[in-house]
2 protein chains.
Amino acid sequence: MRIGQLAKLVGVDVQTIRFYEREGLLVSPERQQNGYRIYTQQHVERLAFVRRCRMLNLSLAEIGELQGYLDEPHQPCTAVNGMLDGRIAHVRAQINSLQALEKQLVALRTRCSGVHEAADCGILTGISAETR
Amino acid sequence: MRIGQLAKLVGVDVQTIRFYEREGLLVSPERQQNGYRIYTQQHVERLAFVRRCRMLNLSLAEIGELQGYLDEPHQPCTAVNGMLDGRIAHVRAQINSLQALEKQLVALRTRCSGVHEAADCGILTGISAETR
DNA sequence: TCTTTACCCTATAACCATTATAGGGTTTCC
DNA sequence: GGAAACCCTATAATGGTTATAGGGTAAAGA
Ligand SMILES: [Zn+2]
Ligand SMILES: [Zn+2]
Ligand SMILES: [Zn+2]
Ligand SMILES: [Zn+2]
């Protein structure tokens, strides 16, 4: 299978596949005589794994770590669930700070209603004041 | 006031101040004979404005737009509250997708408990399966 | 005065994951 | 045989900062 087919199949851009290869997340595939990359079912599975990890917001470095476990399955999985715990904590922190931000933005938004000129806009004066 | 003082005063890195100047968010200050930048109270206020906008997650482009209103206050503020509405919608969308992600991660995390080897780790098999 | 320490300058690269662009070859189908 | 769709590499751009290299200046103590 050529790169375009793989891209469609897994739902990843062609450029991104080449990028993953350079970054060591995908094994370099064989090449045809013309230089075209030829992929196997194993590549499909690995790429799908990478993509699912990305959808879980794992970094490429973390994904590389996880692949180490796929490649050497006879080691304890301690670091795997540690990584997930870290991710979960991080996502929760993000949610909290975004919720705080939402409150600030909504409060700021209420300061402007109706049409008036910028000099009198409560949003601008609100930001210029303090927004702590 | 020199750049280091300004940086401390407003709580922004020195590099970042120079970056904002290059990006046109801060007016280029006068220079001493030795080339050092000399800032006035107006610069302090503008930088503080930029920083508060950044804390509201506004992009540098949006901040530049807002500064246009500060500089020309006799125009309607329509775009100002439009921008804020857009930001609020964006933040809410982010929160929703992070909450969905959190659920996925937590569900995945429950698949691993106790010490075992990677081949049997429910997290890895969970990702390898489908995690939709 | 000498020297250390802290500060200032510019230019350039790194961060992250991806997307875009330039410039050129190959395959496929009509 | 010619156009469309595909493939290749290399390099730059995205956003907002932070880091680094390499060098000049200033404020302080010894
Ligand atoms: Zn074993
Ligand atoms: Zn208004
Ligand atoms: Zn007016
Ligand atoms: Zn496990």
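Only this structure's heavy atoms are used, side chains among them; waters, hydrogens and symmetry mates stay out. Every chain is numbered from 1, with letters handed out A, B, ... down the list of sequences.
Between the side chain of A:R31 and the backbone N or O of A:Y36, no donor-acceptor pair lies under 3.5 Å. A donor-acceptor pair under 3.5 Å is absent between the side-chain atoms of B:R2 and the main chain of B:L6, judged by distance alone.
Note: CD1 (A:I17) to P (C:dT18) measures 12 Å, nearest angstrom. Regarding A:L25, its CG atom lies at a distance of 13 Å from the P atom of C:dC16, rounded to whole Å. Between the CD atom of A:Q33 and the P atom of C:dT26 there is a distance of 12 Å, rounded to whole Å. Between the CG atom of B:L6 and the P atom of C:dC8 there is a distance of 10 Å, given to the nearest Å. Here C:dT27 presents its C1' atom at 17 Å from CZ of A:R31, a figure rounded to the nearest Å. Rounded to an integer number of Å, the gap from A:D13 CG to C:dT18 P is 10 Å. Whole-Å rounding puts the A:E21 CD to C:dA17 P distance at 18 Å. Per the geometry, CZ belonging to B:F19 stands 20 Å off C1' belonging to C:dC8, to the nearest Å.
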Let me see the working for B:L124 and A:C77 under side-chain contact (heavy atoms from CB on, under 4.5 Å), right down to the final yes or no.
CA-CA 9 Å; B:L124 288 172; A:C77 67; 5.7 Å; no
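A salt bridge is defined here as a Lys NZ or Arg NE, NH1 or NH2 lying under 4.0 Å from an Asp or Glu carboxylate O, and B:D71 with B:R46 meets this definition. Salt bridge present: B:R87 and B:E62 bring a charged side-chain N and a carboxylate O closer than 4.0 Å.
If you check the side chains of B:Q32 and B:N34, you find a donor sitting under 3.5 Å from an acceptor.
Residue B:R54 is the one, among B:R54 and B:Y36, whose nearest nucleotide of DNA chain D lies closer to the 5' end (criterion: closest heavy atom). Each of A:R22 and A:G35 has a nearest nucleotide on DNA chain D; the 5'-most of these lies closest to A:G35. Both A:L60 and B:R37 lie close to DNA chain C; mapped to their nearest nucleotides by heavy-atom distance, the more 5′-ward contact belongs to B:R37.
Close to C:dT18, at under 4.0 Å from its OP1 or OP2, lies a side-chain N or O of A:Y20. Residue A:T16 places at least one side-chain N or O closer than 4.0 Å to OP1 or OP2 of C:dT19. Regarding contacts with the backbone of C:dT26, every side-chain N or O of A:R2 stays at 4.0 angstrom or more from both OP1 and OP2.
Once you apply a 4.0 Å limit to the heavy atoms of chain B, the touched nucleotides of DNA chain D run 5' to 3' over D:dG16 to D:dA26.
Atom CZ in B:R18 sits 9.5 Å away from atom CD in B:E21 (nearest 0.5 Å).
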